[in-house]
A.B. asks: 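Let me give you the structure first, and then I'll get to my questions.
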There are 2 protein chains.
Amino acid sequence: MATIEDVARAAGVSSSTVSYVLSQKRSISAPTRRRVEQAIADLGYRPHMGARALASRRTHVIGLMAPLRSGVDVSVIMQFVTGVVTRARDFEHDVLLLTQDDVTGVERVAAGSMVDAIVVMDVEADDERIPLLGTVKQPAVLIGLPRDAGGLSCVDLDFEATGRLAARHLAQTGHRDVVLIGSPPEVMARHTSYADRVFRGFTAECAQSSLTGVVQACGSTPDAARSAVDAVLDQAPDTTGFVVHNERALPHVLAHLRERGRDVGRDTAVVAVCPHDIALSQHVPMTSIDIPGEVIGAVAVEMAMARLENARPSETRLLAPVLTERGSSAQGPGTPG
Amino acid sequence: MATIEDVARAAGVSSSTVSYVLSQKRSISAPTRRRVEQAIADLGYRPHMGARALASRRTHVIGLMAPLRSGVDVSVIMQFVTGVVTRARDFEHDVLLLTQDDVTGVERVAAGSMVDAIVVMDVEADDERIPLLGTVKQPAVLIGLPRDAGGLSCVDLDFEATGRLAARHLAQTGHRDVVLIGSPPEVMARHTSYADRVFRGFTAECAQSSLTGVVQACGSTPDAARSAVDAVLDQAPDTTGFVVHNERALPHVLAHLRERGRDVGRDTAVVAVCPHDIALSQHVPMTSIDIPGEVIGAVAVEMAMARLENARPSETRLLAPVLTERGSSAQGPGTPG
DNA sequence: TTGAAAGCGCTAACAC
DNA sequence: GTGTTAGCGCTTTCAA
């Protein structure tokens, strides 16, 4: 492997000149730049990132803590990860992957100066990692909205507005008895931030729009979905509007609604809160509020970079939900036609 | 951040002694060791990984190239990734995530000495990355089985044996007309290695066991699954044995078989080739051949580490498939009962 | 059993 | 506009 000294020698300049050609941190005459670039090309030179990190205190790597096995839907996770990795590359950074259950991971990579910043996915309302993240020297960005961010930056879909928007859509299309089919009971119990927030927005809007709204936790298996739908329909048979915020249960909920004689898109409306592709790959294309995983991941990286470069204060960004009407929502009993 | 010098000073020893306490590369007297360890604890010392990498030429990071958006099923990908990350931690390594479509990624992290080894997922029969991987100084392990590994190590489920095992199971349970519902047409066309190999094993076993076997590509959407099932049933209505090697299509295939009047587990047998959890989360628990993603990922790391430590030659490891009988396979028409 | 010191390859003052 | 040089924090000979 050629070193910066090799390049300098080949170009007949000093190594600092090569360094400055690379970093653009001072002006270089055109001819010198040419010769250096030629030498770099000739030798196939690549800076040694460890040496660079040591000297510059910048690793050009960001840490990403992802929930690799949790009950959270995998395709959503992948979208976040994709967004983070892609945007990181735009900033000439690579991504070091940490798993949620590697508790010492944050400490290790931060104290070991392996990363310039840390992005944390799947943050819960009272996430135990927040105090720790506050102590490390690298800026951290949380994907999610904890009760107390402890001075860290946060980014997420505005799930409360999402819950409200979904309920309002059902209200506006004439439904009066509605339900929110939510996350698995264990996720609900864990007070995962997004589940709580959808819940809050949904119930608030129900109150405001005089809807009869109930909330039903729901596991991800076919049986769990069946039970959830049964529970709702048995206790509130007049329910015509459904909000489903559970990607994995969604197909089973739809299937069981059909089994129970409901015609989704005609006598029953279903609004899904899930990624685009999932909304589109159901039997009936779903009216849905997108969870824009890639965008959120990308924004997280942008926020981390901004903090690195400008030493800007931390901030919280909540992305406004967008509802896209497709086949699955229908006029409810409350309106003509 | 405390440095090794700080620790040395606090312990009243030289920095090399601290280094050796950490690396265990030479014997240290008990009292010295104590004092050093105490100082490390007191100062909360963590070695700077960049400095360590520069001096030792070991980054303690392995690169993982994963297909973040391809048609390959996400949950399978996650399992591989989980296996890699988990096992890497056992070897005190972290994982740098590269995406498939970041073509220059391998070159960048290898030439920049950012990683000690590289694991590549989703390797195709004639993968263009193989020549490149051959030129870098870090050992590479391919997850998959290319036509020509070019001297690189490979690990994968033995998909050919998997195809054979699935067909044999159907043969042994009395089915004579069988079908392999495979990957999406574009995956088939791309000659993704595993798709080809299942195909080969399946057809070979059909020939050997005198089964009438057909192969049907199948997209991942409900409609695609429906069409695939229709195509099979219309052309070969006597088909009673199905092998489904397509996680995303699986639920839709099952649903449509039911719609077409088939009773899976009674008059029709379905053997799935998919991860455990997917086999279990269908309406009918599936007889399946597991794709042991975590294990394969873990083995890939082990192979990479072995090559790093022993400079061992490259090798190929194919994991034997295991078929687990559950509810979805039934006695076929060819046997009594 | 321990220490001194020469790098590892780069960056960023500081000098000209 | 360019060169010199002192580190960055560690590992690993070489010497004792």
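Note that the coordinates shown come from a computational prediction; the quantities given were computed from them, not determined experimentally. To find a chain, count down the sequence lines: A is the first, B the second, and so on, and within it residues start at 1.
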A.B. asks: Return the angle between end axes of the helix from C/dT1-D/dA16 to C/dC16-D/dG1, with five pairs used per end and rounding to 10°.
C.D. replies: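 Axis-to-axis angle, ends of the helix: 30°.
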A.B. asks: Could you go through the salt bridge (Lys or Arg N to Asp or Glu O under 4.0 Å) check for B/Asp94 and B/Arg89 one step at a time?
C.D. replies: CA-CA 6 Å; B/Asp94 273 292; B/Arg89 284 307 309 145; 3.7 Å; yes
A.B. asks: Could you list all the ring-ring contact (aromatic ring centres under 6.0 Å, His included) pairs where at least one residue sits in residues 37-68 of chain A, not counting sequence neighbours?
C.D. replies: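 Those involving residues 37-68 of chain A are A/His60-A/His93.
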A.B. asks: Think B/Lys25 has a side-chain N or O under 4.0 angstrom from the OP1 or OP2 of D/dT12?
C.D. replies: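 Answer is yes, contact under 4.0 Å.
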A.B. asks: Kindly state which residues belonging to residues 9-17 of chain A come within less than 4.0 angstrom of DNA chain D, counting heavy atoms of the residue only, listed by number.
C.D. replies: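 Heavy-atom cutoff 4.0 Å gives A/Gly12, A/Val13, A/Ser14, A/Ser16, A/Thr17.
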A.B. asks: How long is the straight-line distance from CD of B/Gln24 back to CZ of B/Arg33, given to the nearest 0.5 Å?
C.D. replies: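 Atom-to-atom, B/Arg33:CZ and B/Gln24:CD are 5.5 Å apart.
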A.B. asks: Among D/dC10, D/dT12, C/dG9, which nucleotide sits nearest the side chain of A/Leu54?
C.D. replies: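 In terms of side-chain proximity for A/Leu54, the closest of D/dC10, D/dT12, C/dG9 is C/dG9.
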A.B. asks: Indicate, with a heavy-atom threshold strictly under 4.0 Å, whether A/Arg57 touches base, sugar-phosphate, or nothing.
C.D. replies: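 Sugar-phosphate: the residue A/Arg57, judged by heavy atoms under 4.0 Å, touches backbone atoms but no base.
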A.B. asks: Classify B/Ser19 by what it touches in the nucleic acid, base, sugar-phosphate, or nothing, heavy-atom distance under 4.0 Å.
C.D. replies: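 Result for B/Ser19 = base.
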A.B. asks: Name every residue in residues 29-42 of chain A that has at least one heavy atom under 4.0 Å from any atom of DNA chain C, in order of residue number, or write none if there are no such residues.
C.D. replies: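 DNA chain C contact set from residues 29-42 of chain A: none.
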A.B. asks: With sequence neighbours left out, write down each residue that passes salt bridge (charged side-chain N to carboxylate O under 4.0 Å, His left out) with A/Arg147, or none if nothing qualifies.
C.D. replies: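 Result, salt bridge (charged side-chain N to carboxylate O under 4.0 Å, His left out) vs A/Arg147: A/Asp126.
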A.B. asks: What residues form a salt bridge (charged side-chain N to carboxylate O under 4.0 Å, His left out) with B/Glu315, not counting sequence neighbours?
C.D. replies: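 Scan of B/Glu315 (salt bridge (charged side-chain N to carboxylate O under 4.0 Å, His left out), adjacent residues dropped) gives none.
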A.B. asks: So, OP1 or OP2 of D/dT4: does either fall under 4.0 Å of a side-chain N or O from A/Tyr20?
C.D. replies: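 For D/dT4, OP1/OP2 do not have a side-chain N/O of A/Tyr20 under 4.0 Å.
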